[in-house]
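Structure record follows, encoded as structure tokens.
Order of appearance sets the numbers: ligands from 1, and atoms from 1 within every ligand. This structure is a prediction, so every number in the text was calculated from the model and none was measured. Positions are given from 1, in the same order as the sequence printed here. Values reported hereafter were calculated over all heavy atoms of this structure, with side chains retained and with hydrogens, waters and symmetry mates removed.
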Amino acid sequence: MKTQLEQLLAAAIAELKQNGTLPDDVAPRIQLDRPRDKSHGDFATNLALMLAKPAKANPRALAEAILAALPGNDIIAGADIAGPGFINFKVSQQQLLEQLEAAYASAELNITKAETSKRVVIDYSSPNLAKEMHVGHLRSAIIGDAVARVQEFLGHTVIRQNHVGDWGTQFGMLLAHMEELDAATAEFELNNLETFYKAAKRSFDESEAFAKRARELVVALQSGDEYCNKLWQQFIDVSLTHCQEVYDRLGVQLTRDDVMAESSYNDDLAPVVKDLEAQGLLVEDQGAKCVFLDEFKNKEGDPLPIIVQKTGGGFLYATTDLAAIRYRVGTLNADQVMYFVDQRQGLHFQQIFTLARKAGYASADLQLDHFGFGTVMGKDGRPYKSRDGGVTKLADLLDEAERRALELLQQKSNELSETEQEHIAKVVGISSVKYADLSKNRTSDYIFDWDTMLSFEGNTAPYLLYAFTRVNSIFQKAGLDANSVTGELMLEDEREIALANQLVRFNEVVHSVADKAMPHFLCGYLFELAGNFSSFYEACPILNNDNAEQRQSRLKLSALTARTLQQGLRLLGIPTLEKM
Ligand code: ARG
């Protein structure tokens with residue numbers, strides 16, 4: 001609907017250029033918003049205000065001209081001009097009904113696929129393997145996964161890349177510790193990488209001999225020593241197994257095949273540096289090889305370096321990311337690369353992207369975006385910590401989520417068997433953690449609070465999961481199939497109209513999630529949809545309705561609501577429940 005309206009406005013602008021009202025060189029971005037206050041119509045645009053200046057016209061007069069130039073159509077039921085020159089549109093009910101029927105008839109709710117299908121590389125999760133995944137790894141995995149699902153749903157080819165950190169000096173310390181342990185202890189300690197890491201770190205800090213051995217092992221590892229590589233491989237394998245367990249529990253669609261570790265770029269690091277040198281981009285600064293770009297300066301106005309090779313010859317995080325761009329372009333044929341990495345790495349990515357373009361690794365039409373996110377905070381307003389003050393292991397956090405959800409379910413009176421309760425608790429617990437993350441603006445910090453995320457009220461997973469079961473129960477109760485409701489939709493009650501309007505918005509919301517990598521748009525939408533349904537359900541009898549046509553129409557609206565909720569949650573990586 002939005003797209004159609006945009007097309008009509010584009011046609012009006014073309015017409016106004018033809019007749020000389022608008023200069024030829026204007027190319028406005030047509031923006032249509034959903035007014036908060038529904039009495040202002042279904043869509044509003046500030047087009048006339050934007051064009052007033054280049055057209056040297058009064059915005060209200062221009063708004064009138066735009067309306068007059070709109071091609072004939074059966075979409076717009078009414079339009080008026082408000083304030084200094086906003087245009088408000090009301091969409092025809094016929095149009096609304098047609099859209100809903102089309103959504104009902106289609107398996108995927110008649111979502112418009114992307115105009116051109118792109119190859120989208122999504123770099124997400126990407127933890128360092130030296131330690132076990134902790135709460136700081138939650139956001140990249142959850143948000144990246146949701147955006148990957150949405151991109152795929154819109155018809156793009158998604159290539160997931162888990163750029164895990166498996167290289168660097170820390171591994172020397174871990175290998176030295178591994179060497180010291182007998183097989184049984186090693187196996188035991190590796191079960192809990194956090195403990196393993198701490199023990200290694202302690203030896204490293206306390207024993208000079210250990211530290212020396214650790215450094216030797218790094219050198220040996222990096223020069224391809226067979227013994228070291230075997231040891232290292234063993235460690236990486238254990239660590240990746242831990243990660244996979246977390247992904248599986250979270251329902252994050254990453255597998256071993258998506259792992260493209262930092263070490264896989266080792267062979268291209270020296271060539272990258274050599275190439276930058278050949279292009280005259282490198283400067284030697286105190287023995288280190290750096291690139292200085294005019295775009296990046298510190299507070300004093302001095303250019304900031306991107307270090308690509310250290311004094312001793314070692315390569316850096318930045319070098320690996322440059323090699324990764326070469327691989328993603330050259331081998332994966334990416335049209336777009338999306339990075340879901342902590343906001344604090346913003347400067348790193350801006351530098352890498354700029355340099356990759358300058359060095360010709362990324363062409364002008366390759367889309368490179370860093371989608372940063374804020375920090376998970378505790379209630380005390382500091383980064384979230386476990387009770388003992390350490391970092392919280394993700395595996396423990398998920399255990400706690402499931403445990404808390406089970407307690408809540410047991411407190412409620414219900415007729416669920418123990419097995420059912422356990423299954424539901426798992427889904428509710430994990431979904432609550434995911435949804436709490438997804439429903440916040442990606443770029444903000446958020447407070448991790450069990451009580452809020454597990455609440456059955458508000459914009460939470462339990463509320464939405466429950467809303468879904470409630471819609472579903474209408475069909476269960478009547479023994480009806482939600483996919484084969486006959487009869488036609490009709491909209492009379494204002495709550496039916498509000499629900500219908502919300503349902504047709506699904507399409508534009510999904511597209512906006514893909515464009516902005518902002519899953520919270522979808523969460524907010526689903527929450528509103530559940531609210532619309534609830535008002536409708538209270539005011540409009542469905543099964544208890546003598547008017548057979550109305551009953552069918554309302555069943556169809558309910559079926560559409562159930563499917564939209566389910567599809568929306570699925571895109572967020574959250575499974576639905578039949579009952580709870
Ligand atoms: N391993 C890095 C970290 O934990 C994140 C890697 C993100 N991806 C990338 N291509 N740099 O900070």
For ligand 1, is there an N or O atom under 3.5 Å from any N or O atom of [X]?
X      : result
Ser126 : yes
His137 : no
Asn128 : yes
Gln345 : yes

Phe349 contact mode with ligand 1 (heavy-atom cut-off under 4.0 Å): side chain
Contact partition for Thr320 relative to ligand 1, non-hydrogen atoms under 4.0 Å: neither
Residue Tyr339 vicinity, atoms of ligand 1 by number, heavy atom under 4.0 Å: 10 (N)
Tyr317 neighbourhood, listing ligand 1 atoms whose heavy-atom distance to it stays under 4.0 Å: 2 (C), 5 (C), 6 (C), 7 (C), 9 (C), 11 (N)
Options Asp342, Val341, Asn162, Ile352, ranked by nearest heavy atom to atom 7 (C) of ligand 1, top entry: Val341
Passing option when Phe349 is tested against Phe340, Tyr317, Tyr339, Phe371 for ring-ring contact (aromatic ring centres under 6.0 Å, His included): Tyr339
Ser239 versus Leu193, closest heavy-atom pair with distance: OG-CD1, 3.4 Å
Shortest non-hydrogen contact from Ala530 toward Tyr463: CB-CE2, 3.7 Å
Asp123 backbone acceptor or donor facing Arg160 side chain under 3.5 Å: no
Side-chain donor or acceptor of Ser439 paired with backbone N/O of Tyr435 under 3.5 Å: yes
Heavy-atom gap Gln161 to ligand 1 smaller than 4.0 Å: no
Candidate list Gln336, Gln151, His156, test side chain to side chain donor-acceptor pair (under 3.5 Å), partner Lys118, passing option: Gln336
Value rounded to 0.5 Å, distance of CG in Leu304 from CG in Leu347: 6.0 Å
